[in-house]
Amino acid sequence: MPRLIPVSALFFTGLFSLLAATNPDKQEYAEHLVWTFQTTTCQQVQQPPAMHIACSTISLLPTDQAAKLIASYSQQQNFVFFSLYTTNFLGLQHRSIGVGKMFVSQLELHSQQSLLAVR
């Protein structure tokens, strides 16, 4: 039993160090959001006007410029081991939790049903 405490401490130190090292930054989030728009959201046949305008804007720009644009409309709350992101872009509100270089996302259209995606 006495060996269990140092092993547990070592395990949790390693786990939290890994989480801190893999906490995605704002640029990674913006690139993820552009990819999400290009591959799923903007591929929908019927889109509300706000989504159509956002998709048209993003599709006209090169990916790196679209990511910079999205980043300028985004806020990050960094909690060391994970980050919360909120983007308000042309009538769309997108929220994500970034942890371990992955994102759990929620897209909201004003007063419409939310879409939840894990990537």
Side-chain angles (χ1 to χ4, degrees):
M1 187 72 157
R3 288 181 51 128
L4 185 59
I5 294 172
V7 171
S8 297
L10 184 62
F11 171 77
F12 284 112
T13 300
L15 175 66
F16 290 131
S17 296
L18 179 65
L19 287 174
T22 59
N23 184 9
D25 62 23
K26 192 174 182 179
Q27 184 62 30
E28 290 171 311
Y29 164 73
E31 291 169 0
H32 162 76
L33 191 54
V34 168
W35 177 83
T36 299
F37 271 106
Q38 291 175 338
T39 60
T40 58
T41 306
C42 295
Q43 299 299 320
Q44 297 175 6
V45 176
Q46 293 191 358
Q47 300 172 344
M51 188 180 297
H52 179 71
I53 292 169
C55 288
S56 296
T57 302
I58 289 172
S59 67
L60 292 174
L61 298 171
T63 303
D64 61 328
Q65 293 300 313
K68 287 180 184 178
L69 178 65
I70 292 291
S72 70
Y73 286 90
S74 302
Q75 294 180 351
Q76 177 187 18
Q77 293 177 287
N78 189 340
F79 294 98
V80 181
F81 306 119
F82 67 95
S83 291
L84 301 177
Y85 299 93
T86 303
T87 300
N88 292 305
F89 180 67
L90 299 175
L92 300 176
Q93 184 174 45
H94 186 269
R95 294 184 196 141
S96 288
I97 298 173
V99 63
K101 299 289 183 192
M102 298 186 321
F103 298 93
V104 177
S105 301
Q106 181 181 17
L107 174 65
E108 293 181 2
L109 306 174
H110 287 286
S111 73
Q112 295 208 2
Q113 190 175 20
S114 296
L115 305 170
L116 183 63
V118 178
R119 300 257 185 254

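Values in this document were obtained by computation on a predicted structure and should not be read as measured data.
Neither Val99 nor Tyr85 shares a network with the other; the hydrophobic side chains, linked directly or stepwise wherever heavy atoms of I, L, V, M, F, W or Y lie under 4.5 Å apart, form separate groups for each. Both Leu33 and Leu61 are part of a single hydrophobic cluster, where members link through side-chain heavy atoms under 4.5 Å apart. Side-chain heavy atoms closer than 4.5 Å link hydrophobic residues (I, L, V, M, F, W, Y) into clusters, and following such links, even through other members, never connects Leu18 to Leu10. Hydrophobic clustering (ILVMFWY, side-chain heavy atoms < 4.5 Å, transitive): Phe82 and Phe12 are in one cluster. In terms of hydrophobic clustering, with Ile, Leu, Val, Met, Phe, Trp and Tyr side chains grouped at heavy-atom distances under 4.5 Å, Phe16 and Ile97 are assigned to a common cluster.
Note that CH2 of Trp35 is 10.0 Å distant from OG1 of Thr41, once rounded to the nearest 0.5 Å. Considering CZ of Arg95 and CG of Leu84, their distance stands at 10.5 Å, rounded to 0.5 Å. Between the CG atom in Leu15 and the CZ atom in Phe81 there is a gap of 8.5 Å [rounded to 0.5 Å]. Interatomic distance, CD of Gln77 versus OG1 of Thr86, reported as 6.5 Å (0.5 Å rounding). Phe37 CZ to His32 NE2: the interatomic distance, rounded to the nearest 0.5 Å, is 10.0 Å. Note that OG of Ser83 and CD of Gln75 are 13.0 Å apart. Values are rounded to the nearest 0.5 Å.
Side-chain atoms of Gln47 come within 3.5 Å of backbone N or O of Cys42 as a donor-acceptor pair. Without hydrogens or angle criteria, Gln43 side chain to Thr40 main chain gives no donor-acceptor distance under 3.5 Å.
Taking Pro49 as the reference, nothing meets the side chain to side chain contact (heavy atoms under 4.5 Å, CB included) condition, with sequence neighbours excluded. When the salt bridge (Lys or Arg N to Asp or Glu O under 4.0 Å) test is applied to Glu31, no partner is found at least two apart in sequence or on another chain.
Residues Thr87 and Ser74 share a closest heavy-atom pair of OG1-OG, 2.6 Å. Residues Asp25 and Gln76 come closest through the heavy atom pair CA-NE2, 4.2 Å. Between Ile70 and Phe89, the shortest heavy-atom distance links the atoms CD1-CD2, 3.9 Å. Taking both residues in full, the closest heavy atoms of Phe103 and Ser96 are given as CD2-CB, 4.3 Å, listed atom of the first, atom of the second, then distance. In terms of heavy-atom proximity, Pro24 sits nearest to Met102 at CG-O, 4.3 Å. Glu28 and Asn23 make their closest contact through OE1-O, 4.4 Å (heavy atoms, listed as atom of the first residue, atom of the second, distance).
The number of heavy-atom neighbours closer than 6.0 Å to NZ of Lys26, taken from other residues, nucleotides and ligands shown, is above 12.
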Full working for side chain to side chain donor-acceptor pair (under 3.5 Å) between Tyr29 and His94: CA-CA 11 Å; Tyr29 164 73; His94 186 269; 3.0 Å; yes

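For the ring-ring contact (aromatic ring centres under 6.0 Å, His included) condition, no pair includes a residue of residues 40-66, sequence neighbours left out.
Residues Met51 and Leu92 have side chains in contact (heavy-atom distance under 4.5 Å, counting atoms from C-beta outward). In this structure the side chain of Cys55 never reaches within 4.5 angstrom of the side chain of Ile58, judged on heavy atoms.
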